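Worksheet: one structure, shown below.
Small disclaimer: the values here were computed from a predicted structure and weren't measured. First listed ligand is number 1; within each ligand, the first listed atom is number 1. Computed from heavy atoms alone, side chains included, the values below leave out hydrogens, waters and symmetry copies.
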Amino acid sequence: MKADKPVLPVTELDGKKRPLITIAASFLLVVCISLVAVQGWSIYSARETQLAQSAAATANMARAVADHADSTIELVDIILAGVVDSVQHDGITHYGERLHLHLIDHVSRTPSLQGITIFDASGNWALHSLREPVPVLNNADRPYFIYHKTHKDQLAHVGAPVRSRATGTWVLPVSRRLEDKDGNFAGVALATVHLSFFRTFYDSFDIGKEGNITIATDSGALVMRRPYLQENIGTSIAKEPMFKQSRVRAASESGTVPLDVDKVDRMYSYRPLRRYPLFVAVGLATDETLANWRANAYISTAWVVILLLILNWMGLRLFRQVILRDELEEQLRNAQLALVTKNRSLKLLARNDGLTGIANRRLFDARLDAEFNRATRDGTSLALVLLDVDFFKKYNDHYGHPAGDACLQFIGQCIRTGRRRAGNLAARVGGEEFAILLPNTDLYGAIVVAESVRRSIASAGREHQANPVGIVTISCGVHALVPARGMESKQLVEAADKALYLAKSTGRNRVCPDAPAVSSRRERASILGS
Ligand SMILES: Nc1nc2c(ncn2[C@@H]2O[C@H](COP(=O)(O)OP(=O)(O)OP(=O)(O)O)[C@@H](O)[C@H]2O)c(=O)[nH]1
C-alpha cells in the first residue's frame, strides 16, 4: 500500500492570509495616481488664479487709462467750447488780441493742451495760442476741417493724431465747428492735446517688459502706445488681432490674444472712453504673467517627482521584503513537511523492519505482551507461529548476501499476504527468523495459518540449490495457549521455539506444533491435512 503524502495542518491564520503584494501594489498605485492628480489640479487651479488676477489687473489699468484719457479730452473740450462760444458771440475781429491772450493763458495753465487754433471758413489760421506770429498756413486739407465743413453738428470731434504744422510735434486734434449768425460754416476751432501727456502717464504703470497699453480711435488710428514707437503714431491698427477682438468684447471682458502684432501672447482688457470715440486696451504678456506660476509649478512638480521616486523605492523594498518573507515561509513549510515525513519514517523504522517492511522485534515484543495480557484477561487463546528459512546460511554462501536479503524480503512478503485477520501481527524477530502472532486463535487455527504460509513459499519454487529439495522452504513451530494468571509471554515463545526446533530436526519444510500440545500423530495429520 502506498504511504499517504504528509500534509501540514491548515491553521486559522492561513485562512486570513491575503495576497499582500497585490494589496500593497494597488495601494501604491492609488497613492501615486492621487499625488499626480492633486499636483495636476493644484497647478491648473494656480494657473487659473494667476490668469484671473492678471485679468483683474489689466481691467483696472484699462479703466484708469480710459478715465484719464476721457477727463483729459473733456478738459480740453470744455476750454474749446468756451473759446467757440466767445468767437461766435463776439467775432474774431472784435475780440482779436484779448482772445489771443486768453488762448495763451489756457494753454499755459493746462499741461495736456498743446495749442488752440481758430481757422476761418477757408482753413486759414485766423487766431492761435502761440506767442510768436506764425507764417501763413492753411489747414483746409485736414480731416477735422473737412469733417466740420461737411457736418452741421456742434459736438466736439476727436480725430486721428496729426503732426502739428506749427511745432512739428504729434498731437491729438479736438475740434468744433464755427458758424455765423445765419448758421453757415464760419471756420473751425481746434484744440490739440500733447500725445506725450498720455505717454508720461502710461509709463507710470508696471506692465512688465512685454506689456502693452494702447489708446486708439474707434476707427483704428493709433493715438499712443506703450512701448512707444514714434513711427507708429497715427497708423492704422485695424488689422491687428487685438483691435479686432476689442470690437467684439464687452467693456468688462478680458481676452487672450495669441501671437499679437509683435508675436507675443497677451491677455488684454478693453475699455471704450465714455464720451469720445476712442478706446483703451491694456495687455500683459502671458509668459510674464505666468512666470511666477511656472517657477512654482516646476518646484512643486520636482518635489512631487522626488516624493513619487521615494515612495516607489520604498514600495519596491517592501515588495522585495514581502517576496523574501513568502519565500522564507515556503522554505519553512517545506522544512516542516520534510520534518513530518522524516518523523513518520522514523516512526515506521522504530516499529518496522527495514529490510522486509513488516513489524520488527521491538513491535513484536510489545504486541506479544499486550496480546498475552488481553488473552489472560479475556480467557482467550493466543497462538504464535515461529518461521525459519531452511539452510539459509548455505543460501547466503551460495547466492551471496544481497540475494539472501532479497530472499528474506520474499519471505516477508509471503508472510504478510498469508496473515488473515486484521489483528494478526507478522514480524521479523531475528536474522532469518519470522513470527506470526495470532490473537484469539487456537493451535489448530495457527497451524492452518503456518501451513498456508509454508505452502505459499514452497509453491513459489524459488531456487535454493543447497537445499535438498532444491527450492526455498521454511520450517514452522506453532504453539497456542489460553494464558492463566501468573504465566508469562515467554512461555509461549519458548514453546513455539521448541516446536520450530522439532520441525527442523524432523526434516525441515514443515509445520510442527509443540509436542505436548498435539500428542497423537493422527490428530496432527488431520490438522495438516496429510
Ligand atoms: N542475507 C542475510 N543473511 C542473514 C541475515 N540475518 C541472518 N542471516 C544469516 O542467516 C544464517 C542463519 O544460519 P543458521 O542459523 O546456521 O541456520 P540455517 O543455515 O538456516 O540452517 P537451519 O536453520 O538449520 O536450516 C546465517 O548465516 C546468518 O548470517 C540477513 O539479514 N541477511
Tell me: protein heavy atom nearest [atom], and distance?
atom                    : result
atom 15 (O) of ligand 1 : Glu432 OE2, 3.9 Å
atom 13 (O) of ligand 1 : Lys393 CB, 3.5 Å
atom 24 (O) of ligand 1 : Arg508 NH2, 3.0 Å
atom 25 (O) of ligand 1 : Phe391 N, 2.7 Å
atom 29 (O) of ligand 1 : Asn396 ND2, 4.2 Å
atom 18 (P) of ligand 1 : Phe392 N, 3.5 Å
atom 6 (N) of ligand 1  : Gly431 CA, 3.0 Å
atom 22 (P) of ligand 1 : Lys504 NZ, 3.5 Å

Practice problem: Please identify which atoms of ligand 1 are closer than 4.0 Å to at least one heavy atom of Asp390. | Solution: 25 (O)
Quiz prompt | For His401, atoms of ligand 1 separated by under 4.0 Å from a heavy atom | solution = 1 (N), 2 (C), 3 (N), 32 (N)
Donor-acceptor pair, [X] side chain versus [Y] backbone, under 3.5 Å?
X      : Y      : result
Arg317 : Trp313 : no
His464 : Asp390 : yes
Ser381 : Thr441 : yes
Arg367 : Ala370 : no
Gln39  : Val304 : no

Quiz item: Hey, are Arg454 and Asn509 close enough side-chain-wise for a donor-acceptor pair under 3.5 Å?
Solution: yes
Quiz item: Distance only, no hydrogens: is a donor on one side chain within 3.5 Å (strictly under) of an acceptor on the other, for Thr214 and Arg225?
Solution: yes
Quiz item: What do you reckon, are the aromatic ring centroids of Phe279 and Phe243 less than 6.0 Å apart?
Solution: yes
Quiz item: Are there more than 12 heavy atoms of other residues, nucleotides or ligands under 6.0 Å from atom CZ of Arg508?
Solution: yes
Exercise. Enter the distance from Thr376:OG1 to Glu371:CD here, rounded to the nearest 0.5 Å.
Key: 10.5 Å
Quiz item: Do ligand 1 and Val389 have nitrogen or oxygen atoms that lie under 3.5 Å from each other?
Solution: yes
Quiz item: Does the N or O separation between Gly404 and ligand 1 drop below 3.5 Å for any pair?
Solution: no
Under 4.0 Å from ligand 1, counting heavy atoms only, is it the side chain of [X], its backbone, both or neither?
X      : result
Arg428 : side chain
Asp405 : both
Asp388 : side chain

